[in-house]
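As a basis for the values below, the full set of heavy atoms in this structure was taken, side chains included, without hydrogen atoms, waters or symmetry mates. Per chain, numbering begins at 1; letters A, B, ... match sequence-line order. Worth saying up front: this structure is predicted, and the values here are computed from it rather than measured.
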Amino acid sequence: MSASVEQPPEGAPALRLHRQLEKIWATGPGWQRLAAVNHSVIGLRMVITSFVFFAIGGVLGMLTRVQLATPNGDFMDAETYNQVFTMHGSMMLFLFAIPMVESFAVYLTPKILGTRDFAFPRLTAYGYWCYLLGGTILTVSLLARVAPNSGWFMYTPLSSNVYTPGVNADVWLLGVTFVEISALSLAMEIVVSVLKMRAPGMSLDRMPIFGWYILVTAMMMIVAFPPLILGSILLEIERAFGLPFFDPTRGGSALLWQHLFWLFGHPDVYIIFLPMAGALSTMIPVFANRPLVGYRAIVVAIIALAFLSFGIWVHHMFTVGIPHLALAFFSAGSAIVAVPTAVQFFAWLATLAHGRPRWDVPMLYIFGFFFVFTAGGLTGVMLAIVPFDWQAHDTYFIVAHMHYVVAGALAFPMLAGFYYWLPLLTGRTAAYRLAVPAFWLIFIGFNLTFFMMHLTGLLGMPRRVFTYSGDEGWNWLNLLSSVGSFVMTIGFGMAVIDIIVQLRFGRRVRRNPWNATTLEWAMQMPPAPYAFASIPRIATGSEPVAPDQLALSLARGEGYLGFARNGWQEALGVHMTSGEPDQVIVLPQPTYLPLITALFTGAAVLAMLFKLYLLSLAMVLVTLGLFVLAGQRAGLGRDYGPLPIGHGVSVPPHTEVASAPPWLALICTLVADGTLFTSLIFGTFYLWIAAPHWPSNLAPQANRMLALGVIVALVIAAAAARGSLRSTSAGSNAQGWIGLAAIALLAAMTAAVGLIGSVTPHPHEHALGATAWALIGFVALHAGIGLLFLISNLLRIRAGFISPRRLTDLRLTRLWLDYTTVTGVIALGLVLALPALVATLGARP
Amino acid sequence: MNGRPVPPRRLWLLAAGFLVWCSALVVLYALHAIGCAFGWQAGALRWSLAIVLLVHLIAIAWMWRHLATARPDPELGQAAVFLQTVVVWTLIAALVATVITFAPSLVLKTCI
Ligand code: HEM
Ligand SMILES: [Cu+2]
């Protein structure tokens, strides 16, 4: 891979360009910081926030170790202990691990790919604020002593109303869902940005490997989070309104929750691991002084890993009573998922073996990673074997395995990455006198803590017990574990001090201190808000990028877009596969809108928590209104035609092309939404086939006329959306079509509400009615959102944002309504088929 | 760069092999669950599982044959060669994964 920029005359005005761009891109001082939308700013905030949660979660982990250090500990009572370990697990995974890897992605991806920012900066900011608010709700609940207490996987019926009557479980369901909205929105924009916003000439085969990892991870998030979001919504509905999805006495099934949870939960492990593996694949070649071995093999491996990891969720449920044949599928799947992991491992080892490795602090952590992750992987393969899992299930062996995997995959590469990229941020490097001992304390402490847990587990110590009597033979192992955890914590403390010290007193380093060949080093240190003063061209050929030289030429504006135009924040959009520039993407300026929207979203969540349902609904409507408002200001108010981007190339602005980022973003949204919908269908079938109390003599009914009415109305709306698109592109007025679509959607919603009213058995009485309710509710909700699309279309036509050349809005509406119609037909078809399905239950032996 | 770029639609091929694997998982798991819940004859259940598995294997093998023999269009350049290699190898991986993960449906007792 090589990057070249034409050599322009000497003395080009780098400083002037910097001032011009800075004025356009910078976030204002003081309160205006709250309006930041820049990926560097938000990424950094996310790193820090996730670290704060890591510290809180770590303290909670220490508390559990203090309690368990000796038998009959009375440091905490059982209830406190339940809240503490539940919050430890939940925080570490939902508030630290996922956001932390995303924060790496947010901060680094645009820089490594050679672009200026993400495709939807306001969404980045919204995602961050949702994360912060959701995390705060959870933390405050801990202080108020109403924290979740049913374990981080919240199994029903323990987490149902009967056994957890207070708000504890609601805090988890609402808080975590809130955080997941943020994760999901970031994932979507990562996919769009990686596919559409790279340095020109960076075709997919020349994309730095980090890009592949992040792309695959973000896609996994888009598919993995919806099942859990659905599960949380259904459980919250059950808790708040009494619809029995998980209540076995009324036709629900507690196991449905486990399926939905682990459908998310297992892939989540890889969602955490892959970005860190991406960081490793970026760092290892640099330290080995040679290109990564097996680029293509790694791409194949991560695609395989992404899929296989979805197919093995049941290995968390080996003991719930599943037929052996089905267990065998998941056991075999769990074992072979080790293969793509091994492929990456060997690629890294080969890179190191063929290179001339050089030692430095990041390499120390990479070594730690190899050691710890291998151990975790081996116990993982052990647990994939069903008989062994039956033995070790719910003992401390699982806790040990999980920490070896999670800390190996996450903590060690993360620290390696910190030390590797900090010079970019600070221009300074670590003080060895602290960094090296910190590593050894963490490494030794970690192994001391968690290796012992394998043994206590094999000796039969169950997880989640708050104390033990002392005659089981675990005493000294537990004590060692606790001591180890303190050693590790001291290590983490030293690493934090080291990083802070580095900010002030670190050795100054030159640009690109590690001799890397990726583009993030071809910029100012610390990076300017616009990242690149001009955008490099990646030329064909095989010489690696030399970021140090490139940096100066880019700073002088010798790449693409090396100028300021109209006060716009401009970035380049490229063709997805070839990386040839095909549009100028004009990004939005800083705005308080994301913060305000997140505050209202948070208010909706809180109102829900305090059972003020009408207020919550109102807040939801305001939030949706704010989204429409945000849409109002997007894009450009007139046609521009091709705009010069430098080097004699001109491309149209993103508003005038078919492959604009919003189009791809809606496709991602629909994939996520489609996964949610599929999970709902799965849930319906699952209850039908597996839940007790679905006798065939329950005669469900649904009003066929109303159902037909909904479908016809949806088809009319979808057709009218086509009409609006056709007439606008022909230059005539589309408002009549839009009005027709709106009326059709209103009719569909009315009919759907009528249909819900006529569902029998009543949704409160039996899961049969409840699932019918959920399916119809899904259709009504999507029709309602379609209405918002139409309102937004009307407003934007009025304001001149839509023209025969600028059709993105109308195309989005058409796609949404098509999707609504298709899912509507499926959902209502299922509702109508339920009576027949239930009747066949008579054939069950 | 000169020549035509690889159409973005082709990117779906990266997922093709493993999507078939997913489909095999879903269909086999569901079929097995339904068969056991409704007490189908062991023989009938076994045969239907085997046929489903076979259909999926044929689907992947067909794609593999189809894509491995097609020379990438020289006009599409390096990116197309890269994409083809990766797609072919994901297909091979998916084929192997399908055999290993679902072979138990041919041998294990069906409903205990
Ligand atoms: C990378 C950082 C860490 C992550 C992601 C993490 C995550 C988790 C998770 C998910 C659980 C499961 C809780 C449950 O079973 O409900 C857990 C349990 C536990 N963690 Fe951690 N943890 C981390 C670090 C630590 C540290 C530093 C300690 C000790 C100081 C610790 C001690 C424990 C203990 C004792 C349990 C068992 C609680 C129980 O189930 O009884 N963890 N951890
Ligand atoms: Cu798992």
Side-chain angles (χ1 to χ4, degrees), chain A residues 195-196 200-201 203-206 212 216 219 295-297 299-301 303-308 310-312 314 322-337 339-340 343 539-540 574-580 582 659 664 678 682 685-686 688-690 840-841 843-845, chain B residues 1-11 14-15 17-19 21-22 24-26 28-30 32-40 45-46 49 76-83 85-94 96-97 99-112:
Chain A
L195 286 175
K196 284 303 294 180
S203 54
L204 282 182
D205 52 316
R206 278 192 236 116
W212 279 104
V216 172
M219 287 181 166
Y295 179 92
R296 290 171 190 208
V299 175
V300 174
I303 292 173
L305 198 61
F307 279 96
L308 290 174
F310 278 94
I312 55 185
V314 171
I322 286 174
H324 291 186
L325 177 52
L327 289 187
F329 294 167
F330 296 100
S331 177
S334 308
I336 59 169
V337 82
V339 176
V343 168
T540 33
V574 297
H575 185 271
M576 279 193 235
T577 52
S578 72
E580 286 309 309
D582 66 3
S659 60
L664 207 53
T678 314
F682 163 80
F685 277 106
Y686 182 81
W688 169 64
I689 199 159
T840 60
L841 287 178
R844 205 149 75 172
Chain B
M1 249 199 5
N2 33 32
R4 283 177 299 124
V6 182
R9 250 176 304 114
R10 295 254 183 108
L11 290 179
L14 289 173
F18 277 98
L19 281 175
W21 177 84
C22 284
L25 174 67
V26 171
L28 286 170
Y29 188 44
H32 174 243
I34 291 173
C36 291
F38 287 95
W40 294 359
L45 182 53
R46 169 90 68 215
L49 291 176
L76 296 183
Q78 268 311 108
V81 180
F82 165 79
L83 212 62
T85 322
V86 172
V87 168
V88 167
W89 278 100
T90 53
L91 286 171
I92 296 174
V96 175
V99 172
I100 295 182
T101 27
F102 307 123
S105 51
L106 302 179
V107 287
L108 289 190
K109 269 268 184 37
T110 40
C111 295
I112 48 161

Under the ring-ring contact (aromatic ring centres under 6.0 Å, His included) test, residues paired with A:Phe330 that sit two or more places apart: A:Trp313, B:Tyr29
Segment of B:Leu11 engaging chain A (4.5 angstrom heavy-atom cut-off): side chain
Atom group of B:Ile92 that falls short of 4.5 Å from chain A, counting heavy atoms: neither
Interchain contact, A:Val314 with chain B, by part (heavy-atom threshold 4.5 Å): side chain
From B:Phe18 atom CZ to A:Leu308 atom CG, the distance as rounded to the nearest 0.5 Å: 5.0 Å
Distance (rounded to the nearest 0.5 Å) between B:Cys36 SG and A:Ile689 CD1: 9.0 Å
Region of A:Leu204 that comes under 4.5 Å of a non-hydrogen atom in chain B: both
Residue B:Leu14 versus chain A: region with a heavy atom under 4.5 Å: both
Approximate separation, where rounding is to 0.5 Å, of A:Phe307 CZ and B:Thr90 OG1: 9.0 Å
Side chain to side chain, A:Pro323 and B:Thr110, heavy atoms closer than 4.5 Å: no
B:Ala79 backbone acceptor or donor facing A:Ser203 side chain under 3.5 Å: no
Separation of B:Arg9 CZ from A:Met576 CE (nearest 0.5 Å): 10.5 Å
Heavy-atom proximity to chain B below 4.5 Å, by part of A:His324: both
A:Ser331, part contacting chain B, at a heavy-atom distance under 4.5 Å: neither
Aromatic ring proximity B:Trp21/A:Phe329, centre distance under 6.0 Å: no
Proximal component of A:Phe685, with respect to chain B [non-hydrogen, under 4.5 Å]: neither
Pick from B:Gly17, B:Ala94, B:Ala15, B:Ala80 with the largest number of heavy-atom pairs that fall under 4.5 Å of chain A: B:Ala15
Part of A:Leu327 within contact of chain B (heavy atom distance under 4.5 Å): neither
Region of B:Ala103 in contact with chain A, defined by heavy-atom distances below 4.5 Å: neither
Non-neighbouring partners of A:Asp582 that pass salt bridge (charged side-chain N to carboxylate O under 4.0 Å, His left out), sequence neighbours left out: A:Lys196
Whether B:Phe82 and A:Trp212 hold their rings parallel, tilted or perpendicular, with breakpoints at 30° and 60°: tilted
Atom of A:Leu325, atom of B:Lys109 and distance for their closest heavy-atom approach: CB-O, 3.9 Å
Heavy-atom closest contact (A:Thr577 atom, B:Pro8 atom, distance): CG2-CA, 4.1 Å
Flag if over 12 foreign heavy atoms under 6.0 Å of CH2, B:Trp89: no
